[in-house]
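In this text, all values refer to a predicted model and were calculated from it rather than measured experimentally.
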Amino acid sequence: QVQVVESGGGLVRAGGSLNLSCTASGLTFDDYAMGWFRQAPGKEREGVSCISRSGVPTYYIHDLWGRFTISRDNAKNTLYLQMSSLKPEDTAMYYCARAEVNYCVALPPSPLTYSNWGQGTQVTVSS
């Protein structure tokens, strides 16, 4: 049974940093690209970043370049998202999920092409 667990969220002031983790079990982690998604209240879930099975290349949506860094440790079956210079508009529930293939497709990442969702971790950025 596949299990995906996100952690690391919390409350932080604007300009602060958080490091999210996502640990997967029950699947061959390094067979797949992985993605981070977020969903703010009243909004649709959006893909924010993707990383191929090998760790390169990576992809980020719009203004996340330079603020967020996605990485993975295949030996630990763990995906990471380092977030810095956080803004109130980054407030959302953050989820990780696996792609259907080993590279990033349908950029920005589409939730429709990802599976094995975790329960999410809440990130709240105060102004």
Visitor: State, to 0.1 Å, how close Y114 and G35 come at their nearest heavy-atom pair, and which atoms those are.
Guide: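 Reported closest heavy-atom pair: CE2-N, 3.6 Å.
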
Visitor: Step by step, work out the side-chain contact (heavy atoms from CB on, under 4.5 Å) result for Y59 and I61.
Guide: CA-CA 7 Å; Y59 173 84; I61 59 170; 4.0 Å; yes

Visitor: Looking at Y80 and D73, would you say the former's side chain and the latter's main chain have a donor-acceptor pair under 3.5 Å?
Guide: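 Not confirmed, Y80 side chain does not pair with D73 backbone.
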
Visitor: Rounded to the nearest 0.5 Å, what separates atom OG1 in T23 from atom CD in Q3?
Guide: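 The distance works out to 10.0 Å.
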
Visitor: Looking at A33 and C104, what are the two nearest heavy atoms and their distance?
Guide: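 That would be CB-N, 4.1 Å.
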
Visitor: Where is the tightest heavy-atom contact between V56 and S54, given as atom of each residue plus distance?
Guide: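 Residues V56 and S54, closest heavy atoms: O-OG, 3.0 Å.
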
Visitor: How close do L79 and C96 get, heavy atom to heavy atom, and via which atoms?
Guide: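 Nearest heavy atoms, L79 then C96: CD2-CB, 3.8 Å.
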
Visitor: Using the side chain to side chain contact (heavy atoms under 4.5 Å, CB included) definition, which of the options R38, M83, M93 pairs with V123?
Guide: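 With V123 as partner, R38, M83, M93 yield a single side chain to side chain contact (heavy atoms under 4.5 Å, CB included), made by M83.
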
Visitor: For R98 and N116, indicate whether the former's side chain and the latter's backbone hold a donor-acceptor pair under 3.5 Å.
Guide: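 Checking the backbone N and O of N116 against the side chain of R98, no donor-acceptor pair under 3.5 Å is found.
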
Visitor: Check the hydrophobic clustering (I, L, V, M, F, W, Y; side-chain heavy atoms under 4.5 Å; chains of links allowed) and say if W65 and I70 are grouped together.
Guide: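 Yes, it is one cluster - the side chains of W65 and I70 are joined through contacts under 4.5 Å.
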
Visitor: Do side-chain atoms of S84 reach the backbone of S17 as a donor and acceptor pair under 3.5 angstrom?
Guide: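 Absent.
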
Visitor: Any side-chain to backbone donor/acceptor pair from N74 onto R53? Under 3.5 Å, distance only.
Guide: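 Present.
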
Visitor: Atom CG in L20, atom CH2 in W36: separation rounded to 0.5 Å?
Guide: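 Nearest 0.5 Å value for the CG-CH2 distance: 4.5 Å.
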
Visitor: Just wondering, more than 12 heavy atoms not from Q119 lying within 6.0 Å of its CD?
Guide: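 More than 12 heavy atoms, drawn from other residues, nucleotides or ligands, come within 6.0 Å of this atom.
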
Visitor: Is V5 reachable from Y32 through a run of I, L, V, M, F, W or Y residues, each pair having side-chain heavy atoms under 4.5 Å apart?
Guide: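 They do not share one cluster, since no chain of ILVMFWY contacts under 4.5 Å joins Y32 to V5.
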
Visitor: Which atoms form the tightest heavy-atom contact between G47 and P108, and what is the distance?
Guide: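 Smallest interatomic distance, heavy atoms only, reads O-CB, 4.3 Å.
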
Visitor: To the nearest 0.5 angstrom, please state how far the SG atom of C50 sits from the OH atom of Y103.
Guide: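 Between C50 SG and Y103 OH, I get 11.0 Å after rounding to 0.5 Å.
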
Visitor: How about W117 and F37: are their ring centres within less than 6.0 Å of each other?
Guide: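 Here the rings of F37 and W117 have centres that are less than 6.0 Å from each other.
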
Visitor: Under a 4.5 Å side-chain heavy-atom rule over Ile, Leu, Val, Met, Phe, Trp and Tyr, are F29 and V2 clustered together?
Guide: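 As far as the 4.5 Å side-chain criterion goes, V2 and F29 are not connected within one cluster.
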
Visitor: Find the distance between CG (L81) and OG1 (T69) and round it off to the nearest 0.5 Å.
Guide: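 Interatomic distance, L81 CG to T69 OG1, rounded to 0.5 Å: 8.0 Å.
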
Visitor: Report, as yes or no, whether the 6.0 Å neighbourhood of atom NZ on K87 holds more than 12 heavy atoms from other residues, nucleotides or ligands.
Guide: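 Correct, the count exceeds 12.
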
Visitor: Side-chain contact test, heavy atoms from C-beta onward, threshold under 4.5 Å: evaluate it for S52 versus P57 and give yes or no.
Guide: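 In short, these two side chains touch, coming nearer than 4.5 Å.
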
Visitor: Are M34 and L107 connected, step by step, through hydrophobic side chains (Ile, Leu, Val, Met, Phe, Trp, Tyr) whose heavy atoms are closer than 4.5 Å?
Guide: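 Yes: a chain of side-chain contacts under 4.5 Å links M34 to L107.
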
Visitor: Is there a side-chain contact (heavy atoms from CB on, under 4.5 Å) between D90 and L64 once you walk through the steps?
Guide: CA-CA 10 Å; D90 294 319; L64 299 188; 4.2 Å; yes

Visitor: If you round to the nearest 0.5 Å, how far is OG1 of T91 from CD of Q122?
Guide: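 Those atoms lie 7.5 Å apart.
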
Visitor: Would you mind reporting whether Y95 and V4 have side-chain heavy atoms less than 4.5 Å apart?
Guide: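 No, side chains not in contact.
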
